[in-house]
Peer 1: 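What follows is a structure written as structure tokens; I'll ask about it next.
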Amino acid sequence: MSRNSGIDRQREHQANERTFLAWLRTSVSLIALGLATARFGIFLRQIGLTVTQESLREHPWFNSETLGLILVLFGLVIIGLAGWRYSQVFWQIERGQYRPTQLLVWLMTGMVMILGALSAIPLLLWRNQNIPSAPIEPHSNKISRIEKQDYFDRR
């Protein structure tokens with residue numbers, strides 16, 4: 001075994017580790033996006049309740065909490081796949097039988113595209129159907145036209 005083949009093998013293992021860490025960062029990003037999506041849905045519901053004084057209807061399955069949960073679960077699955085792929089490539093490098101595959105890359109691409117479409121298109125369309133057409137004035141803050149005129153005259 002020559003010195004260069006040992007260095008090449010070391011570089012291959014380091015590249016494998018960098019790839020694993022990239023998959024890990026991607027999965028952590030998906031988990032964080034899922035948590036943010038779920039929490040933002042709760043925030044939007046609270047704002048809607050504060051503004052309109054009534055609860056907005058939400059679809060039981062097409063909502064941001066469900067999408068957030070799916071993103072978190074997908075991130076966890078990616079962590080498992082990344083560990084499995086790292087181990088598989090590690091042993092292929094050790095045996096000198098490394099075979100690249102695109103299956104995991106295409107699987108990840110397809111899932112991110114599907115989740116991206118689910119997050120953008122249906123949720124935005126569903127939310128637009130629930131927005132009231134005219135703003136609702138709070139019933140406790142009604143003031144007469146004379147009081148309004150008096151307020152503006154003082155300014």
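Values below: all heavy atoms of this structure, side chains included; hydrogens, waters and symmetry mates excluded.
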Peer 1: So, the side chain of Ser29 versus the backbone of Arg25: is there a donor-acceptor pair under 3.5 Å, distance only?
Peer 2: yes

Peer 1: Which heavy-atom pair separates Gly34 from Leu71 by the least distance, and what is that distance?
Peer 2: CA-CB, 3.6 Å

Peer 1: Check the hydrophobic clustering (I, L, V, M, F, W, Y; side-chain heavy atoms under 4.5 Å; chains of links allowed) and say if Ile31 and Leu67 are grouped together.
Peer 2: no

Peer 1: Evaluate the side-chain contact (heavy atoms from CB on, under 4.5 Å) criterion for residues Val89 and Phe20: first the C-alpha distance (whole Å), next the side-chain angles of each, then the deciding distance (0.1 Å), finally the verdict.
Peer 2: CA-CA 10 Å; Val89 170; Phe20 169 73; over 6 Å; no

Peer 1: Using a 3.5 Å distance criterion without hydrogens, assess whether the side chain of Ser27 forms a donor-acceptor pair with backbone atoms of Leu24.
Peer 2: yes

Peer 1: Side-chain heavy atoms under 4.5 angstrom apart, residues restricted to Ile, Leu, Val, Met, Phe, Trp, Tyr: same cluster for Met111 and Leu73?
Peer 2: no

Peer 1: Is there a path from Leu33 to Leu69 through hydrophobic residues (I, L, V, M, F, W, Y) whose side chains come within less than 4.5 Å of each other?
Peer 2: no

Peer 1: CG/Asp8 to CD1/Ile93 distance, rounded to the nearest 0.5 angstrom?
Peer 2: 11.0 Å

Peer 1: Would you say Asn16's side chain and Tyr86's backbone share a donor-acceptor pair under 3.5 angstrom?
Peer 2: yes

Peer 1: First locate atom CG of Leu81, then atom CG of Leu76, and finally report the distance between them rounded to the nearest 0.5 Å.
Peer 2: 11.5 Å

Peer 1: Taking atom CD of Gln102 as the centre, report whether more than 12 heavy atoms of other residues, nucleotides or ligands fall under 6.0 Å from it.
Peer 2: no

Peer 1: If we count only N and O atoms by modelled type, under 3.5 Å, do the side chains of Arg85 and Gln88 hold a donor and an acceptor together?
Peer 2: yes

Peer 1: Does Arg9 come within less than 4.0 Å of Glu94, counting only side-chain N to carboxylate O?
Peer 2: yes

Peer 1: Starting from Leu115, can I reach Val77 by hopping between I/L/V/M/F/W/Y residues whose side chains sit under 4.5 Å apart?
Peer 2: yes

Peer 1: Quick check for you: to the nearest 0.5 Å, what is the distance between Leu35 atom CG and Leu30 atom CG?
Peer 2: 11.0 Å

Peer 1: Closest approach of Ala82 and Trp23, non-hydrogen atoms and distance?
Peer 2: CB-CB, 3.5 Å

Peer 1: Nearest 0.5 Å, what's the OG1-CD1 distance between Thr37 and Ile70?
Peer 2: 11.0 Å

Peer 1: Linking I/L/V/M/F/W/Y whenever any side-chain heavy atoms sit under 4.5 Å apart, do Trp84 and Phe90 land together?
Peer 2: no

